[in-house]
Amino acid sequence: MNVQAFDLRDDDRRPPVDDLVGIVQRGLRSQPKRLPSWLFYDERGSQLFEAICEQPEYYLTRCEIALMATHAAEMADVLGEEVRLVEYGSGNAVKTRMLLEHLHAPVSYVPVEISAEPLRRCVQEMGERFPALAVQPHPGDFTRPLRLPIPPRAPRRTVLYFPGSTIGNFEARDAAELLRKMRNEMGDGGGILIGADLKKDTATIEAAYNDKAGVTAQFTLNMLVRLNREIGSDFDLSSFRHRAHYNAMAGRIETFLVSARDQKVRIGKQLVSFAPEEAMQVEYSCKYSHEDFAALSAKAGLEVAHAWTDPQAMFAVYYLVRAGMSRH
Ligand code: AVI
């Protein structure tokens, strides 16, 4: 197995308890109250997210995998020979495997992942599946500037792979900032291969975030379980409900934890009041038209060089390059 050694002492993105108390207190002081969506992903939350991807209503994963099954060979041709593939996150073994199977003489594969266990699993799986490939894990937060490991030989280009429509979990300004950071990391001749969920009828989108089995509701509520465990807050789980609705004007699913009653919750030394039906915002999942995505890319100095979509136009994978470069 051609895997570069790595050190994973920093287990995940868990900030020190005092910082987390401060983050939560600040979020609950804002109007409306809000909590950051990265809080979903403790060990249980990551398992629940995997379970969400299996739910019949959650079309995103299935559609993106189907797109890869149909178009990965063509994507590999577009990316060209001797690519260094840097993946933002490492939880997408199926899609990444499909891409790597078709890449022409890739130089290295660099999964960037904040949580130790998923990164370790990814390294092992990819190392076993592609024994000749240099796997260079990069433990860390992909929203921060990356110092990529030195590749075993000079790549012709660096391609950042960001599947899953995770870009949709960033608000417009943060999404553009993240793409701008990616533009710097890929360099002049590089590119970004990115998955994005497309706008469609409200019922289909809302069903994906309100599955019948209630897995998404558990995922949302797990954020409170995590806070109770990690900062000693006393959220009463039976007094908050999951709510996800599609805001068609803004083009996004907005997910909330809604207080079922008048209640107070202890966060550190503070008591925070919740009114009956008060909604605390926990996640946005933005949906795009092709024009929306081109406009977002342009804000980051990028343009869409290729787009792959399924016949039902459920999901898209875009290949972005620096603006002006696709005509060279
Ligand atoms: C990770 N991300 C793209 C998922 C989404 O669809 O926004 C997270 C998720 N939240 C609820 N269901 C899935």
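Position 1 is the first residue of the sequence; numbering continues from there. Reckoned from all heavy atoms, side chains included, excluding hydrogens, waters and symmetry mates.
In this structure a side-chain-to-backbone donor-acceptor pair under 3.5 Å is present from H138 to R147. Under a 3.5 Å cut-off, the side chain of K181 and the backbone N or O of R144 do form a donor-acceptor pair. With R226 contributing its side chain and L39 its backbone, the two residues share a donor-acceptor pair below 3.5 Å. With hydrogens and angles ignored, the 3.5 Å screen pairs a side-chain donor or acceptor of Q25 with a backbone N or O of I267. Checking side-chain atoms of E57 against main-chain N and O of N210 turns up no donor-acceptor pair under 3.5 Å. In this structure, D234 contributes its side chain and R266 its backbone to a donor-acceptor pair below 3.5 Å. At distances below 3.5 Å, at least one donor-acceptor pair connects side-chain atoms of R322 with backbone N or O atoms of R183. Put simply, the side chain of D42 gets close to the backbone of G45: a donor and an acceptor are under 3.5 Å apart.
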Donor-acceptor pairs under 3.5 Å, side chain of residues 65-81 to any protein atom, not counting sequence neighbours: which ones?
{"residue": "T70", "atom": "OG1", "partner": "A66", "partner atom": "O", "Å": "2.9"}
{"residue": "E74", "atom": "OE2", "partner": "W308", "partner atom": "NE1", "Å": "3.2"}
{"residue": "D77", "atom": "OD1", "partner": "H104", "partner atom": "NE2", "Å": "2.7"}

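Proximity of the aromatic rings of F240 and F235 is defined here by a centroid distance below 6.0 angstrom, and this criterion is met.
Contact between S239 and Q263 at its shortest, heavy atoms only, is O-NE2, 3.1 Å. A pairwise comparison of heavy atoms in R153 and P106 identifies NH2-O, 3.3 Å as the closest pair. Across every non-hydrogen atom of Y288 and L296, the tightest pair is CE2-CD2, 4.0 Å. Shown here for V304 and A294, the closest heavy-atom pair between the two residues is CG2-CA, 4.2 Å. When all heavy atoms of G27 and S30 are compared, the pair lying nearest together is O-OG, 2.8 Å.
Judged by distance alone, the side chains of T158 and R84 do bring a donor and an acceptor atom under 3.5 Å apart. Under the 3.5 Å distance criterion, with hydrogens and angles disregarded, a donor-acceptor pair is assigned to the side chains of Y88 and E185.
Relative orientation of the Y41 and F219 rings is perpendicular, given thresholds of 30° and 60° on the angle between their planes. Taking the six-membered ring for Trp and thresholds of 30 and 60 degrees, Y58 and Y209 have ring planes more than 60 degrees apart, a perpendicular arrangement.
K33 forms a cation-pi arrangement with F274, by the criterion of a distance under 6.0 Å to the ring centre and an angle within 45° of the ring axis.
In summary, E177 and R180 do not engage in a salt bridge, as defined by a charged side-chain N under 4.0 Å from a carboxylate O. Between E43 and R229 there is no salt bridge, since no side-chain N of the basic residue sits under 4.0 Å from a carboxylate O of the acidic one. Comment: R121 does not engage E113 in a salt bridge, judged by the lack of any side-chain N to carboxylate O separation of less than 4.0 angstrom.
When hydrophobic clusters are built by joining Ile, Leu, Val, Met, Phe, Trp and Tyr residues whose side-chain heavy atoms come closer than 4.5 Å, directly or via intermediates, L271 is not grouped with L227. Put simply, Y284 and L257 are part of two different groups of oily side chains (I, L, V, M, F, W, Y) that touch within less than 4.5 Å, one to the next. Linking ILVMFWY residues whenever their side-chain heavy atoms come closer than 4.5 Å, directly or via other members, leaves F256 and L48 in distinct clusters. Cluster membership for V107 and V86, using ILVMFWY side-chain heavy atoms within less than 4.5 angstrom, is not shared. Cluster membership for V272 and V225, using ILVMFWY side-chain heavy atoms within less than 4.5 angstrom, is shared.
With K200 as the fixed residue, the side chain to side chain donor-acceptor pair (under 3.5 Å) test singles out one of T204, D197, T202: D197.
Distance OG1/T96 to OH/Y109: 4.5 Å, rounded to 0.5 Å.
Side-chain contact check for S285 versus S165: every heavy-atom pair is 4.5 Å or farther apart.
Residues in residues 290-300 take part in these side chain to side chain donor-acceptor pair (under 3.5 Å) pairs, two or more places apart or across chains: K199-D292, S289-E291, S289-D292, H290-Y318.
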